[in-house]
Amino acid sequence: MALTPVDPREIATIVTHLEMRERPKPAPIPPAPLRLVPWKMPDLAAYRALFRRVGEPWLWFSRLVMPDDQLAAILHDPLVEVYAVTDPRGVEVGLLELDFRSPSQCELAFFGLVPSLNGKGLGKWLMAQAKSLAWRKGVERFWVHTCTLDSPAALGFYIKSGFTPYGREIETFADPRLLGLLPPEAAPQIPMFGQPADA
């Protein structure tokens, strides 16, 4: 059994792909003090700000480095649905993104709440919303991927939600903290080797 060295300026993660091939039986959506608000043609800056607030603890950075025209092409595509989760004051505290661009499929592209809401059972409410929106006429597969950089509870949560793992990959990428895309203090549970480029 051999170990593969990783460049100290890179991060390695194990990506697990999961899918749901059958529409779940109807079930009530758990109560929550949150609302799901459709974001039609979301403003890129507002979207990235929420993306950062939700994903920074897990080193989400893909949408932060994507060129504006590419990001707009995704978010403004009629087959991509973006929702902001808002609290009772109307503050955006979560993100749900469903991608229907592949025929008969829906990808759970992004799913998460801000760190202060994690561990309070609100993910069950958001997943119930996601499944209700994803399974519509013509959809035969609902799928998602997660990785070892996500919350330690993420993989188990997806399995309990009805997804079945079907594949695994190893992904490496430059540490976004070293590139200055995320602050050095982001994701302290993931060791950072070296200093950011502007330090």
Side-chain angles (χ1 to χ4, degrees), residues 11 13 15-18 29-30 32-68 70-72 74-77 80-99 106-134 142-158 160-161 163 171 173-177 179-190 192:
I11 290 175
T13 183
V15 179
T16 300
H17 301 272
L18 306 99
I29 292 178
L34 304 174
R35 288 183 58 230
L36 204 58
V37 179
W39 260 8
K40 303 290 186 184
M41 304 285 285
D43 173 77
L44 299 189
Y47 172 90
R48 284 188 174 121
L50 182 57
F51 181 92
R52 182 187 291 269
R53 289 178 57 221
V54 171
E56 188 172 288
W58 321 116
L59 296 187
W60 289 11
F61 72 96
S62 60
R63 295 293 174 81
L64 304 178
V65 297
M66 187 176 287
D68 285 356
Q70 291 182 27
L71 182 57
I74 295 171
L75 299 183
H76 299 166
D77 189 307
V80 175
E81 298 181 3
V82 182
Y83 299 85
V85 179
T86 61
D87 68 10
R89 299 168 297 160
V91 176
E92 292 152 355
V93 293
L95 178 66
L96 173 63
E97 187 174 325
L98 301 172
D99 188 336
C106 175
E107 178 189 1
L108 182 58
F110 289 99
F111 174 97
L113 298 165
V114 296
S116 62
L117 296 184
N118 290 332
K120 297 184 177 181
L122 297 173
K124 294 178 182 177
W125 169 85
L126 186 55
M127 180 56 73
Q129 297 280 1
K131 289 193 283 190
S132 175
L133 291 163
F142 185 29
W143 69 279
V144 65
H145 68 261
T146 185
C147 73
T148 48
L149 297 179
D150 281 335
S151 163
L155 182 56
F157 171 78
Y158 287 127
K160 286 180 182 177
S161 297
F163 290 93
E171 179 183 13
F173 55 86
D175 190 328
R177 297 166 297 187
L179 298 177
L181 301 171
L182 293 174
E185 61 272 14
Q189 74 279 10
I190 301 165
M192 181 175 68

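These figures come from a predicted structure and were not determined experimentally.
Aromatic ring pairs are classed by plane angle as parallel below 30°, tilted from 30° to 60° and perpendicular above 60°; the pair Trp143 and His17 is tilted.
Of all heavy-atom pairs between Leu36 and Trp125, the closest is N-CH2, 4.0 Å. Residues Val54 and Gly112 approach most closely at CG1-C, 3.5 Å, considering heavy atoms. Minimum interatomic distance between Ala32 and Leu122 (heavy atoms only, all atoms of both residues): CB-CD2, 3.8 Å. Closest of all the heavy-atom pairs between Asp68 and Leu44 is O-CD1, 3.6 Å. Across every non-hydrogen atom of Pro184 and Met192, the tightest pair is CB-CE, 3.9 Å. Across Tyr83 and Pro38, no two heavy atoms sit closer than the pair CD2-CA, 3.6 Å.
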**OP:** Please assess Arg177 against Ile11 for the test side-chain contact (heavy atoms from CB on, under 4.5 Å), listing each intermediate value before the final yes or no.
**Re:** CA-CA 10 Å; Arg177 297 166 297 187; Ile11 290 175; 3.9 Å; yes
Subject >> Candidate pair Val144 and Phe111, rule side-chain contact (heavy atoms from CB on, under 4.5 Å), full reasoning >> reply: CA-CA 9 Å; Val144 65; Phe111 174 97; over 6 Å; no
**OP:** For side-chain contact (heavy atoms from CB on, under 4.5 Å), just list the numbers for Lys120 and Leu113, CA-CA rounded to whole Å, side-chain angles, deciding distance to a tenth of an Å, and then say yes or no.
**Re:** CA-CA 10 Å; Lys120 297 184 177 181; Leu113 298 165; over 6 Å; no
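Counting only distance, with no hydrogens or angles, the side chain of Gln189 and the backbone of Pro57 share a donor-acceptor pair below 3.5 Å. At distances below 3.5 Å, not a single donor-acceptor pair connects side-chain atoms of Lys131 with backbone N or O atoms of Phe142. A side-chain donor-acceptor contact under 3.5 Å links Arg48 to the backbone of Arg63. At least one donor-acceptor pair under 3.5 Å links the side chain of His76 to the backbone N or O of Pro42.
The distance from atom CD of Gln129 to atom CZ of Arg35, rounded to the nearest 0.5 Å, is 11.0 Å. Interatomic distance, Ile29 CD1 to Ser132 OG, rounded to the nearest 0.5 Å: 5.0 Å. We find the CD-OH distance between Glu97 and Tyr47 to be 3.5 Å, quoted to the nearest 0.5 Å. Rounded to the nearest 0.5 Å, atoms OG1 (Thr146) and CZ (Phe163) are 11.0 Å apart.
Looking at heavy atoms from C-beta onward, Glu92 lies in side-chain contact with Trp39 at the 4.5 angstrom threshold. Using a 4.5 Å heavy-atom cutoff, the side chains of Leu98 and Leu108 are in contact. Using a 4.5 Å cut-off on side-chain heavy atoms (C-beta onward), Ile190 and Trp58 make no contact. Between Glu81 and Leu96 the shortest side-chain heavy-atom distance does not fall below 4.5 Å. Between Phe61 and Leu179 the shortest side-chain heavy-atom distance does not fall below 4.5 Å. Within the 4.5 Å cutoff, the side chain of Met127 has heavy atoms near those of the Phe157 side chain. The side-chain heavy atoms of Leu18 and Leu155, taken from C-beta on, include a pair separated by under 4.5 Å. For the pair Arg52 and Leu182, the minimum side-chain heavy-atom distance is below 4.5 Å.
A side-chain donor from one of Thr13 and Thr148 sits under 3.5 Å from a side-chain acceptor of the other.
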